[in-house]
Amino acid sequence: MPLIIVTGFPTSGKSTRAKQLYDYLAGRTADSKHRLHLVSDDSLSIPRTVYDLAAVPAHTRSANASEKDARASLYGAVKRVLSDRDIVILDGLNYIKGWRYQLHCEAKAVRTPSCVLQIGCTPDRARQVNQARLDRRAAAAPDGSPEEPYEQGNWDNLVFRYEEPNPMTRWDSPLFTLIWEDDEAQATRTFAALWDAIAGDGRKVVRPNQ
Ligand code: ADP
């Protein structure tokens with residue numbers, strides 16, 4: 001069963017949509033033998049600081065070790081459960097196209113489909129969410145919680161580094177999109193189309209050498 005790669009700007013609503021998708025799929029798979037998994041930075045206790053390049057010297061930034069380690073943990077967590085009977089939702093930034101390609105190949109290796117769910121949100125809206133979290137951090141949310149904000153420079157840099165999914169590429173397709181304003185009915189329609197593409201009648205047969 002498939003791998004669903006969620007992607008979007010930091011604080012754009014990815015976890016919110018990932019949970020909605022999880023609940024939707026839980027309904028569709030309740031009476032079947034499929035297992036459902038939600039893997040995220042939060043589920044693996046990966047802090048936002050791993051993406052922060054501020055502490056990394058400019059000439060070694062492409063080798064940011066903490067982010068590489070985080071990706072290795074996420075990759076391991078996906079690989080452990082991904083199979084033809086398991087649906088895995090990977091909730092995260094997933095902003096590097098080479099990384100999405102790697103995940104797509106991993107799914108292909110176990111002969112299961114993958115798809116991308118992009119969470120569309122204007123940078124201004126997402127920045128407001130992060131700012132609100134920064135404002136109340138001192139009072140309420142300790143680091144490591146789902147409400148953990150990104151430091152402003154880290155947030156700006158992630159938006160700058162974000163590599164948009166391209167549905168013309170194998171690894172970013174099929175590509176589904178939900179925007180902030182989409183209501184429950186629209187989200188349900190998108191989840192239904194996603195289900196059909198990866199698990200329903202529209203599912204393509206996956207061959208490792210394709
Ligand atoms: P991310 O996982 O991208 O960091 P979250 O899903 O944690 O973002 O969402 C950030 C905040 O925005 C949360 O407080 C959430 O309740 C709110 N939020 C997310 N998506 C929406 C939406 N579509 N409409 C209204 N509020 C939303």
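All values below were derived from every heavy atom in this structure, side-chain atoms included, with hydrogens, water molecules and symmetry-related copies excluded. First listed ligand is number 1; within each ligand, the first listed atom is number 1.
- Looking at ligand 1, you won't find any N or O of Asp91 less than 3.5 Å from one of its N or O atoms.
- When only interatomic distances are considered, the shortest N/O to N/O separation between Glu147 and ligand 1 does not fall below 3.5 Å.
- Side-chain atoms of Gln128 and Asp124 include no donor-acceptor pair closer than 3.5 Å.
- Residue contacts with ligand 1 include Arg17, since one of its heavy atoms falls under 4.0 Å from the ligand.
- Interatomic distance, Asp172 CG to Arg100 CZ, rounded to the nearest 0.5 Å: 4.0 Å.
- Backbone and side-chain nitrogen or oxygen atoms of Val129 are examined, and none is located within less than 3.5 angstrom of a nitrogen or oxygen of ligand 1.
- A heavy-atom separation below 4.0 Å is found between Ser12 and ligand 1.
- No donor-acceptor contact under 3.5 angstrom links the side chains of Glu184 and Gln20, judged on distance only.
- The atoms of ligand 1 that sit less than 4.0 Å from any heavy atom of Ser15 are 1 (P), 2 (O), 6 (O).
- Contact annotation for Thr16 and ligand 1: heavy atoms of both the backbone and the side chain come within less than 4.0 Å of the ligand.
- At a 4.0 Å heavy-atom cut-off, ligand 1 touches Arg133 through the side chain alone.
- Residue contacts with ligand 1 for Glu181 are absent, since no atom lies close enough (heavy atoms, distance under 4.0 Å).
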